[in-house]
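Reading through the C-alpha cells given below for one structure.
Residue numbers begin at 1 in each chain, while the letters A, B, ... track the order of the sequences.
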Amino acid sequence: DTAVSQTPKYLVTQMGNDKSIKCEQNLGHDTMYWYKQDSKKFLKIMFSYNNKELIINETVPNRFSPKSPDKAHLNLHINSLELGDSAVYFCASSQTRSPYEQYFGPGTRLTVT
Amino acid sequence: GQQLNQSPQSMFIQEGEDVSMNCTSSSIFNTWLWYKQDPGEGPVLLIALYKAGELTSNGRLTAQFGITRKDSFLNISASIPSDVGIYFCAGQTYSGSARQLTFGSGTQLTVLP
C-alpha cells in the first residue's frame, strides 16, 4: 500500500555511465516532482509534471531528462554521470488543488565514483 | 531565487523538553508548510498554513504563519525520542506561472533520553 515508491533505493555507478530512477504513485495525484537533496540536506526542486506535462524545469544540466509515461509515473534519466551528481533524489506527488501538500517517496541515494 | 533562513541548524534537547524553531524570508509567502524527515526516508508533511496569523496544531506540534507573512515558527511540546529527525520549513514560490515549494535548510533535532 506504498503511496509513492522509487526504485532503486541505492544506486552506485561510475562516472560517465547513464542511469535511470523510477517513481510511481498510487494516490491518484496529477502532479509529480523530482527533488535533489545534497550532502547538507538542502532540498531543491528539479522538475515538476502536471498530467504528464512538464511545468517546472529548474536550472538543471540537460544530462537530466524526466519522462512521464502517465500520471502515476515519473522517471528520471541521467546521462554521463558526474561526481557532483551524487545526492539523494526524491520523487513527490500532489493534487493540483493542493500543490503544497506533497507526498514524498523514500528517496534514491545515488553515488557516483 | 528566494531563500528561507531556518534556525537553529541543530538542537540537542532532553526528552520531555519543549522545542521551538523558526523560518524567515526576505520575501512574502502566501503559504508556509512544515515537513519532517526521518533518517533514510522522505519528508512528511506535518502542518500547512495558508493565512497570515494562522495558528495550527497537530498533536504536540504547533505552527504559526507570521503576521508579516515573512516568517513561521514550529513548536514541539514534551519531546519524545521519535521526534528525532530533520524539520524543514517550506514556502510557496513561483517558477514562471507554476507554484512550487522552496525549502529551508532544515533543523536537525536530537532528543536525548
Side-chain angles (χ1 to χ4, degrees), chain A residues 2-10 21 23-25 27 29-51 53-60 66 74 87-109, chain B residues 1-11 21 23 29-51 54 56 58 63 65 69 72 84-110:
Chain A
T2 305
V4 182
S5 59
Q6 293 178 230
T7 53
K9 175 82 170 166
Y10 300 97
I21 307 172
C23 178
E24 176 181 3
Q25 55 94 4
L27 298 167
H29 288 166
D30 53 14
T31 306
M32 296 184 73
Y33 312 82
W34 278 111
Y35 286 86
K36 180 180 180 181
Q37 186 173 46
D38 62 23
S39 58
K40 295 184 178 175
K41 305 299 184 185
F42 185 65
L43 263 170
K44 185 166 167 50
I45 189 161
M46 301 172 69
F47 302 104
S48 172
Y49 270 76
N50 178 261
N51 285 314
E53 181 185 340
L54 181 66
I55 58 170
I56 294 175
N57 185 358
E58 289 297 289
T59 307
V60 174
L74 180 62
V88 181
Y89 292 85
F90 287 101
C91 175
S93 71
S94 69
Q95 283 283 30
T96 302
R97 63 176 183 268
S98 304
Y100 316 118
E101 297 180 19
Q102 297 181 11
Y103 292 76
F104 284 76
T108 295
R109 181 174 291 279
Chain B
Q2 290 172 301
Q3 289 193 335
L4 298 181
N5 300 308
Q6 189 170 345
S7 65
Q9 192 173 17
S10 62
M11 301 182 76
M21 58 192 80
C23 220
F29 283 90
N30 292 321
T31 304
W32 283 95
L33 303 101
W34 286 92
Y35 282 81
K36 182 194 177 197
Q37 184 177 15
D38 289 330
E41 301 291 332
V44 174
L45 180 64
L46 298 173
I47 294 178
L49 303 160
Y50 297 102
K51 219 161 73 166
E54 181 180 351
T56 297
N58 178 5
F65 191 145
R69 291 161 64 192
S72 177
V84 165
I86 305 175
Y87 291 80
F88 290 98
C89 62
Q92 170 218 316
T93 54
Y94 283 89
S95 174
S97 60
R99 293 171 291 180
Q100 67 179 47
L101 288 181
T102 293
F103 283 82
S105 51
T107 295
Q108 173 76 60
L109 178 64
T110 301

Atom group of B/Gln108 that falls short of 4.5 Å from chain A, counting heavy atoms
neither
Check step by step if side chain to side chain contact (heavy atoms under 4.5 Å, CB included) holds for B/Leu101 and A/Tyr35.
CA-CA 10 Å; B/Leu101 288 181; A/Tyr35 286 86; 3.9 Å; yes
Which heavy atom in B/Gln37 sits nearest to a heavy atom in A/Phe90, and how many Å separate them?
NE2-CZ, 3.2 Å
Tell me, for A/Tyr103 versus chain B, whether the close heavy atoms (under 4.5 Å) come from the side chain, the backbone, both or neither.
neither
A/Gln6 portion near chain B, given a 4.5 angstrom heavy-atom threshold
neither
Side chain to side chain contact (heavy atoms under 4.5 Å, CB included), that's the test. Do B/Phe103 and A/Gln37 meet it? Break it down for me.
CA-CA 11 Å; B/Phe103 283 82; A/Gln37 186 173 46; over 6 Å; no
Below 4.5 Å from any heavy atom of chain B, which atoms of A/Ile45 appear? Answer side chain, backbone, both or neither.
side chain
Identify which part of A/Lys44 has an atom lying under 4.5 Å from any heavy atom of chain B, answering side chain, backbone, both or neither.
neither
Could you report the tightest heavy-atom contact between A/Phe42 and B/Ser105, atom names first, then the distance?
CD1-CA, 4.4 Å
For chain B, which candidate among A/Gln102, A/Lys9, A/Lys40 shows the most heavy-atom pairs at distances under 4.5 Å?
A/Gln102
Is the CD atom of A/Gln95 crowded by more than 12 outside heavy atoms at less than 6.0 Å?
yes
Can any side-chain N or O of A/Tyr100 pair as donor or acceptor with the backbone N or O of B/Tyr50 at less than 3.5 Å?
no
Would you indicate whether the side-chain heavy atoms of B/Tyr35 and A/Leu43 approach each other to under 4.5 Å?
no
